[in-house]
Amino acid sequence: MNWRRIAIIAEDTDYGIGFVNALPEVKDELGLDLEFNSWVFARGTTDFTPILLEVNDWNPDVIIDIGVGADALRLAEQAYDQGLFPRIPMIASFAWPTYPDFWPTLGEKGKYILYTAYYHPYMNLTDQGKWFLHEYMAKYGEYPHFYQQCFFDAIVIFAKAMGYADSTNPDDIIKAMDTNEFETYFGTIHFEKNPGTPYYNHVPVSHIMCQFTSTEQTHVDATIVFPPEFATGQYTPPP
C-alpha cells in the first residue's frame, strides 16, 4: 500500500508494548523499508491531544491504534476530531471495530477505519470452511465469527487425530497430531515439533486486513483489502 512512515500509538500494557517492540524487529527480519515512531499512553487516558499533535507533526502515512476497549475508541474519535483520521489511514490492531459498541460510539467518525482479523465469511475458504459456513448459516440464520469457525476446526482436528491414532489415549492423540497434517478453514496446517520455539503446538491462523467504508457495517460487509489471496476489494481512501 506504499505506507512507509508508521505511527504506533499503544497502551502501556504487555499487549501494547509487545507491539511497539515487535514491529521494528519484524521490519528488520523481513528487510522492509519502513520507518516507525511510537507513542505509549496509560490505560484510561481521556485526552490524546498531546500525542496526536506530535503524530500530526511527524506526518505518518498510517496510524496503528493499539488500544483496547474504550481507550481504542477514544483514540480513534479524537484522531477524527483533530483532523488526522481518516485523512491519515488508521488500523485497529485487532477486530474491535466489529464489536457492538463501535458504531454507537463513533458513528460517521468510524468510516474508513481498517482492522486486522483472522476470519471473514467471504475470504477464500477451504472446502471444510465452506461446509461449516453453509451448515452454520442453515442452523442459526447468521454468519459465524472467527471463534465459531476456529472452534469447529479444533474439534475436527481432535477427531481426525483420534482417527489416525485409532485411540482416545492422550499420548496417542498427541503423537498423531505431531505426525499428520490437518485442514482448517484457511488451509492445511501441521504442528511444530520443536519444543521451546514460539509455535510449538500452536499454529498461527490466517491474518487479514479489512475496512469499513460506510456506517453500521458488520464484519460480513467489510472489504478484505489484504492479503491479495483473500482480498474482496481494494483500500478505499476517504473522499
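Sequence positions, counted from 1, serve as the residue numbers for this chain. Being a predicted model, the structure only gives us computed values, none of them experimental.
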Could you measure the distance from the [atom1] atom of [X] to the [atom2] atom of [Y]? Nearest 0.5 Å is fine.
| X | Y | atom1 | atom2 | result |
| --- | --- | --- | --- | --- |
| Phe36 | Arg4 | CZ | CZ | 11.0 Å |
| Ile63 | Ile91 | CD1 | CD1 | 10.0 Å |
| Ile208 | Phe146 | CD1 | CZ | 10.5 Å |
| Met90 | Tyr80 | CE | OH | 13.0 Å |
| His120 | Tyr122 | NE2 | OH | 7.5 Å |
| Ile9 | Ile64 | CD1 | CD1 | 10.0 Å |

Where [X] and [Y] come nearest, the two heavy atoms and their spacing:
| X | Y | answer |
| --- | --- | --- |
| Pro204 | Phe186 | O-CZ, 3.9 Å |
| Phe152 | Gln128 | CE2-CG, 4.0 Å |
| Val40 | Ile51 | O-CD1, 4.3 Å |
| His202 | Phe191 | N-CD2, 4.3 Å |
| Ala176 | Phe182 | O-CZ, 3.9 Å |
| Pro121 | Tyr143 | CB-CD2, 3.5 Å |

Under a 3.5 Å distance rule, please check whether [X] uses its side chain to pair with a backbone N or O of [Y] as donor and acceptor.
| X | Y | value |
| --- | --- | --- |
| Gln211 | Tyr235 | no |
| Ser167 | Asn169 | yes |
| Thr215 | Gly107 | no |
| Asp153 | Tyr185 | yes |
| Thr218 | Val220 | yes |
| Asp12 | Arg43 | yes |
| Trp103 | Gln217 | yes |

Contacts of Glu54 meeting salt bridge (Lys or Arg N to Asp or Glu O under 4.0 Å) (sequence neighbours excluded), chain-then-number -> none
Sorted by chain and number, sequence neighbours left out, salt bridge (Lys or Arg N to Asp or Glu O under 4.0 Å) with Asp221 holds for none
Does [X], at its [atom1] atom, have more than 12 non-hydrogen atoms belonging to other residues, nucleotides or ligands within less than 6.0 Å?
| X | atom1 | answer |
| --- | --- | --- |
| Asp57 | CG | yes |
| Glu135 | CD | yes |
| Tyr118 | OH | no |
| Lys175 | NZ | no |
| His190 | NE2 | no |

Check whether [X] and [Y] end up in the same hydrophobic cluster, where Ile, Leu, Val, Met, Phe, Trp and Tyr are linked by side-chain heavy atoms less than 4.5 Å apart.
| X | Y | value |
| --- | --- | --- |
| Val62 | Met1 | yes |
| Val156 | Leu125 | no |
| Ile6 | Ile113 | yes |
| Phe94 | Leu106 | yes |
| Met209 | Phe85 | yes |

### Task
Over 60° means perpendicular and under 30° means parallel, so classify the ring planes of Phe212 and Phe102, tilted if in between.
tilted
Check the orientation of Tyr136 and Phe132. Use parallel for under 30°, tilted for 30 to 60°, and perpendicular for over 60°.
tilted
| message | Go through it in stages, so that I can follow the logic: the residues are Thr49 and Gln82, the test is side-chain hydrogen bond (donor to acceptor under 3.5 Å, both in side chains), and I'd like the CA-CA distance, side-chain angles, deciding distance and then a yes or no. | response | CA-CA 8 Å; Thr49 300; Gln82 295 194 29; 3.1 Å; yes
query: Given Glu11 and Thr13, is the side-chain hydrogen bond (donor to acceptor under 3.5 Å, both in side chains) satisfied, shown in steps?
result: CA-CA 6 Å; Glu11 62 175 40; Thr13 62; 2.5 Å; yes
Can you give the donor-acceptor pairs under 3.5 Å from side chains of residues 14-33 to other protein atoms, not counting sequence neighbours?
unit_1: Tyr15; atom_1: OH; unit_2: Ser93; atom_2: OG; d: 2.7
unit_1: Asn21; atom_1: ND2; unit_2: Ile17; atom_2: O; d: 3.4

Could you tell me whether Arg74 and Glu77 have a side-chain N and a carboxylate O separated by less than 4.0 Å?
no
request  = Quick one: do Val68 and Trp96 satisfy side chain to side chain contact (heavy atoms under 4.5 Å, CB included)? Show the steps, please.
outcome  = CA-CA 8 Å; Val68 174; Trp96 51 260; over 6 Å; no
Show the numbers, then the answer: is there a side chain to side chain contact (heavy atoms under 4.5 Å, CB included) between Leu52 and Leu75? CA-CA 9 Å; Leu52 292 172; Leu75 174 55; 3.9 Å; yes
Discussion item. Walk me through whether Thr188 and Glu183 qualify under side-chain hydrogen bond (donor to acceptor under 3.5 Å, both in side chains).
Written reply: CA-CA 4 Å; Thr188 301; Glu183 186 174 331; 5.6 Å; no
